[in-house]
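Below is one structure, written out as structure tokens; comments come after it.
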Amino acid sequence: MCVRSFCIWSSSLAALLLSITLAAVGCKAISNRLTHWKMLDQSALEDPIQAVGGDAFVFAPRVADVPLTRKQLAAASPQVLAAYYAPIFVQQRVNSQALKYPYPPEYDSIGQAHLRYDDKGKLKAYVAGEPKVYVIYKQPILEGHPHVQITYTAWYPAHPRMKGFDTEAADIDSCVVRVTLDADHAPLFYETIMACGCYHKVFVARHIEDAARQAFGPPEAGKKYSIEKTLKDDIDWEVAGVVEEPREQPRRPVVFLKAGEHKVIGLGSAARLRPPPQDKTRPYDMVPYSDLYSVMIDGTGRTGPFFDLGNGGKVYGAERKKERLLMSFAGVDSAGQPRADDQIKMHFDQSTWSDPTIYGKYLRLPPGTL
């Protein structure tokens, strides 16, 4: 009882301290301090396994990787484009049993979405089985023009406990990759995010950064790239890297992920990738994201959505109770809990993932980009 009381007191104290910090320095300063980390550079593509420490799973799409020209891509069907830009995930592995807080190694493997009833008769989501990636193909209007956007979501069984007070530890984790294409169906930029809305990153094609530098000059104070924009009140977007690849023959993205935390630690183009050993590669199947709205419930013969559609599209049973408590003082709704794609909120809920106006607001886009 004393231990439990102490834990409750510690959580309450942490929540109080965070609320004081938020009031003192604001969400923008907190975001800049907690959500920025060093990214792997483009040389990581030359030896992806060594780049993440010497051990990794490489999850690659099962479809054949045949390079296409811009002309071929411009005429490609949605099915071809979705397959063509399906990411390669380089998932770092560590000896998790040697860590201070060991966790099952399968927590670093992507899998298939499942549903079951818990012992209280409530729906509970879980991830297991063979690797799958869930795909959405959309064509929203961005800056007055239609643009293809393809979103790929990979689900993990859990975010394991990585430290003494780990607010993110809970069942179900994720990596979401969105590719925005130009009129010829070549990439303009790539975004990565977790399905909870945490850790949003942008990676831009080299020619976009070059055009931004020509249009606007050098980066603004405190920024690394010319395309980055400083906002007075809102949280700035972080451009985490520039992707180098041939403009006439773009390829699928290669996404590097940290063990346990599943944070993106780099992104590049398969055009520069030296293929990893076959025994390190695990093929994944691409399936429609719509499958997540009709998941078989174990032992019932019935289906249900992976998400609680009556409660903001949150994944069933994937609450981050500590994080939710702490971030409630900043007005964030159910912080850390994964959601359906069209319900993802970003940057302390200041914007939404599905808002088509975010690019012009948060990036210094050169004229004619979109």
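Nothing fancy with the numbering, it's 1 onward along the sequence.
The pair D182-R70 meets the salt-bridge criterion, with a side-chain N (NZ, NE, NH1 or NH2) lying under 4.0 Å from an Asp/Glu carboxylate O. Ion pairing between a basic and an acidic side chain is recognised when a charged N comes within 4.0 Å of a carboxylate O; E244 and R206 show such pairing. In summary, D234 and K361 engage in a salt bridge, as defined by a charged side-chain N under 4.0 Å from a carboxylate O. Ion pairing between K229 and D236 fails under the 4.0 Å rule for side-chain N and carboxylate O. Salt-bridge annotation for K314 and D308: absent, with no side-chain N of the basic residue lying under 4.0 Å from a carboxylate O of the acidic one.
Rounded to the nearest 0.5 angstrom, E238 CD and H347 NE2 are separated by 9.0 Å. A distance of 7.5 Å separates SG of C175 from CE of M194, quoted to the nearest 0.5 Å. Y316 OH to K124 NZ: the interatomic distance, rounded to the nearest 0.5 Å, is 13.0 Å. Between the NE2 atom in H200 and the CD1 atom in I235 there is a gap of 12.0 Å [rounded to 0.5 Å]. The OG1 atom of T153 lies 5.5 Å from the CD1 atom of I136; values are rounded to the nearest 0.5 Å.
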Review point. Can R364 and E220 be said to form a salt bridge (charged side-chain N to carboxylate O under 4.0 Å, His left out), step by step?
Key: CA-CA 10 Å; R364 293 202 298 175; E220 294 181 339; 3.8 Å; yes
| message | Checking H262 against Q91 for the side chain to side chain contact (heavy atoms under 4.5 Å, CB included) test, could you report, in this order, the C-alpha distance in whole Å, the side-chain angles of both residues, the deciding distance, and whether it holds? | response | CA-CA 8 Å; H262 308 138; Q91 174 61 60; 4.0 Å; yes
- Task: Go through the steps for Y289 and T151 under the test side chain to side chain contact (heavy atoms under 4.5 Å, CB included), then give the verdict.
- Result: CA-CA 9 Å; Y289 195 89; T151 305; over 6 Å; no
Report task. Mind running ring pair (Phe, Tyr, Trp, His ring centres under 6.0 Å) on F189 and Y359 for me, showing each step along the way? Result -> CA-CA 10 Å; F189 33 80; Y359 302 102; 5.1 Å; yes
Point to revise | Chi angles and distances behind the side chain to side chain contact (heavy atoms under 4.5 Å, CB included) call for S226, E209 | key: CA-CA 6 Å; S226 292; E209 169 61 15; 3.5 Å; yes
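You'll find the side chain of V255 stays beyond 4.5 Å of the side chain of I88, heavy atoms only. Side-chain contact between R213 and P218: present, with at least one pair of heavy atoms (C-beta onward) separated by less than 4.5 Å. You'll find the side chain of I193 reaches within 4.5 Å of the side chain of M346, heavy atoms only. No side-chain heavy atom of T352 sits under 4.5 Å from any side-chain heavy atom of D342. Between W155 and L292, some side-chain heavy-atom pair lies under the 4.5 Å cut-off. Residues S109 and F59 are in side-chain contact: their nearest non-hydrogen atoms beyond the backbone lie under 4.5 Å apart.
Geometric assessment of K263 against the ring of Y199 yields a positive cation-pi assignment under the 6.0 Å and 45° thresholds. In this structure, R93 forms a cation-pi arrangement with F57, its terminal cationic atom sitting closer than 6.0 Å to the ring centre and no more than 45° off the ring axis.
Y134 and Y190 fall into different hydrophobic clusters, where Ile, Leu, Val, Met, Phe, Trp and Tyr residues are linked whenever their side-chain heavy atoms come under 4.5 Å apart, directly or through other members. Under the 4.5 Å side-chain heavy-atom criterion for Ile, Leu, Val, Met, Phe, Trp and Tyr, Y107 and I172 are members of distinct hydrophobic clusters.
The aromatic ring centres of Y85 and Y152 sit 6.0 Å or more apart.
Taking both residues in full, the closest heavy atoms of Y84 and L68 are given as OH-N, 3.0 Å, listed atom of the first, atom of the second, then distance. Looking at every heavy atom in both residues, V295 comes nearest to A113 through CG1-O, 3.6 Å. In terms of heavy-atom proximity, G197 sits nearest to I344 at CA-CG2, 3.6 Å. Residues Y103 and S96 approach most closely at O-OG, 2.6 Å, considering heavy atoms. Closest approach of R320 and H159 over heavy atoms only: NH2-CB, 3.9 Å. In terms of heavy-atom proximity, P160 sits nearest to A158 at CD-O, 3.5 Å.
Under 3.5 Å, the side chains of Y156 and D171 contain no donor-acceptor pair of N or O atoms. Side-chain contact check for W353 and D341: at least one donor-acceptor pair (N or O, by modelled atom type) lies under 3.5 Å. Residues Q249 and T69 have side chains that never bring a donor and an acceptor to within less than 3.5 angstrom of each other.
Within a 6.0 Å radius of NZ in K280, more than 12 heavy atoms belonging to other residues, nucleotides or ligands are found. Shown here is Q214, whose CD atom has no more than 12 heavy atoms of other residues, nucleotides or ligands within 6.0 Å.
Ring-plane geometry between Y362 and W237 is classed as parallel, the angle between the planes falling under 30 degrees on a 0 to 90 degree scale with a further cut at 60.
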